[in-house]
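Take a look at the structure below.
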Amino acid sequence: MVIGFSILGLIILILIFMAVKVVAEYERGVIFRLGRLVGARGPGLFLIVPFIDRMVKVDLRVVTMDVPSQEVITKDNVTVRVNAVVYFRVVDPESSVVKVLDHIRATSQISQTTLRNVLGQSELDELLTKREKLNLMLQKIIDEHTDPWGVKVSIVEIKEVELAEEMKRSMAAQAEAERERRAKIIHAEGEMQASEKLAQAAAVIGREPATIQLRYLQTLTEISGSGKNSTIIFPLPIELMKAFGLKTEKEK
């Protein structure tokens, strides 16, 4: 009798241990009863029927997944290697268990395929300068594919774009040529503005002959103060030339 009660008590303890389930706040327990889906339970403590019910735990936390480097030929026939990172989480535990065998592996595969397809339809300049647009496009497409599995893709970011050394040198030469072009344009614009100001100054001097003498004296002052020298310059007034009967270039 004692042995029988002991065995019976042990069996009851085992059944209680098998019936009591606890899942954390970030988890859900998907219950199957004789192979049929019952629903998701949790968080906290709940009971299942031993040997009849089966529970599958699903993690609801955000998963950070690296997309391996993919070799992509862009729209303008440039070969690049691109990798990315995808942030996703399970929003429907039942679908993530019933509708897909492994939702993490499936999301990884669809991410790699979508990365190659989207970047293959983009040009290199767009890949380098418009990543935000491409990130949003990738996130939208991957999320549409994973939505039936109960997976929500929140962020997709292109991390690194690797170019061949020949392409890097070509881009550096192109950037240098662009900088030289801009410098020449700025220099030409400065020359044009300076010529306009000089023309305006010449017009003013032409109307007021005395201004040429003032400008002449100012130039002498600048020359004498520009360095340490002992040269003494005596300005010759233009009116003195008229006193000796010499004509200036303008009067000729």
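Basis for what follows: all heavy atoms, side chains included, without hydrogens, waters or symmetry-related copies.
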**Prompt:** Once you round to the nearest 0.5 Å, how far does CD of Gln109 lie from OG1 of Thr113?
**Reply:** 6.5 Å
**Complete:** The reported gap from NZ in Lys152 to OG1 in Thr146 (rounded to nearest 0.5 angstrom) is 8.0 Å
**Asked** Got a sec, which residues hit salt bridge (charged side-chain N to carboxylate O under 4.0 Å, His left out) with Arg105, two or more places apart in sequence or on another chain?
**Response** none
**Prompt:** Does any non-hydrogen side-chain atom of Gln112 lie less than 4.5 Å from one of Pro68?
**Reply:** yes
**Request:** Mind checking the CG-CZ spacing from Leu136 to Arg131? Nearest 0.5 Å is all I need.
**Result:** 14.0 Å
**Asked** When rounded to the nearest 0.5 angstrom, what distance separates CD1 in Ile141 from CG in Leu115?
**Response** 10.5 Å
**Message:** Looking at every non-hydrogen atom in both residues, tell me the closest pair between Ser122 and Glu126 and how far apart they are.
**Reply:** CB-OE1, 3.7 Å
**Message:** Quick one, Asp76 and Asp125 - any side-chain contact, counting heavy atoms below 4.5 Å?
**Reply:** no
Show me, pair by pair, the donor-acceptor contacts under 3.5 angstrom made by side chains of residues 29-48, not counting sequence neighbours?
{"unit_1": "Arg33", "atom_1": "NE", "unit_2": "Asp53", "atom_2": "OD1", "d": "2.7"}
{"unit_1": "Arg33", "atom_1": "NE", "unit_2": "Asp53", "atom_2": "OD2", "d": "3.4"}
{"unit_1": "Arg33", "atom_1": "NH2", "unit_2": "Asp53", "atom_2": "OD2", "d": "3.0"}

**Those residues that, when tested against Lys140, pass side chain to side chain donor-acceptor pair (under 3.5 Å) (two or more places apart)** = none
**Asked** Is it true that a side-chain atom of Glu160 and a backbone atom of Ile158 form a donor plus acceptor pair closer than 3.5 Å?
**Response** no
**Request:** Treating Ile, Leu, Val, Met, Phe, Trp and Tyr as nodes and any side-chain heavy-atom pair under 4.5 angstrom as an edge, say whether Met137 and Ile110 lie in one connected cluster.
**Result:** yes
**Prompt:** How far apart are the C-alpha atoms of Val82 and Gln70, what are their side-chain angles, what is the distance that settles it, and do they pass the side-chain contact (heavy atoms from CB on, under 4.5 Å) test?
**Reply:** CA-CA 5 Å; Val82 184; Gln70 304 294 311; 5.6 Å; no
**Prompt:** At their closest point, which heavy atom of Val86 faces which heavy atom of Ser111, and how far apart are they?
**Reply:** CG2-OG, 3.8 Å
**Message:** Are the side chains of Ile104 and Phe88 in contact, using a 4.5 Å heavy-atom criterion?
**Reply:** yes
**Asked** Is Gln139 reaching over with its side chain to a backbone N or O of Val153, donor-acceptor style, under 3.5 angstrom?
**Response** yes
**Request:** Answer yes if Val56 and Val98 sit in the same cluster of Ile, Leu, Val, Met, Phe, Trp and Tyr residues linked by side chain heavy atoms under 4.5 Å apart, and no otherwise.
**Result:** yes
**Asked** Do Val151 and Val100 belong together in a cluster built from hydrophobic side chains that touch within less than 4.5 Å?
**Response** yes
**Asked** Does a side-chain heavy-atom distance below 4.5 Å link Val67 with Asn83?
**Response** no
**Item:** Stepwise side-chain contact (heavy atoms from CB on, under 4.5 Å) check, Asp66 with Val85
**Value:** CA-CA 5 Å; Asp66 285 324; Val85 60; 3.9 Å; yes
**Message:** Looking at every heavy atom in both Val161 and Leu128, which two are closest together, and how far apart are they?
**Reply:** CG1-CD2, 4.3 Å
**Item:** side-chain contact (heavy atoms from CB on, under 4.5 Å) between Val23 and Met55, worked out
**Value:** CA-CA 11 Å; Val23 295; Met55 185 187 74; 4.3 Å; yes
**Item:** Gap between atom OG of Ser96 and atom CG of Leu101 - 0.5 Å precision
**Value:** 11.5 Å
**Prompt:** Say you draw a straight line from CG of Asn77 to CD of Glu123; how long is it, rounded to the nearest 0.5 Å?
**Reply:** 10.0 Å
**Asked** Which atom pair, heavy atoms only, marks the closest approach of Ala19 to Pro50?
**Response** CB-CG, 3.9 Å
**Message:** Using only atom types and a distance under 3.5 Å, with no angle test, would you say the side chain of Arg54 pairs donor to acceptor with the backbone of Phe51?
**Reply:** no
**Message:** A side-chain contact here means heavy atoms from C-beta on lying under 4.5 Å apart; do Arg116 and Val72 qualify?
**Reply:** yes
**Asked** Do side-chain atoms of Thr74 reach the backbone of Val78 as a donor and acceptor pair under 3.5 angstrom?
**Response** yes
**Message:** Between Leu119 and Val80, is there a side-chain heavy-atom distance shorter than 4.5 Å?
**Reply:** no
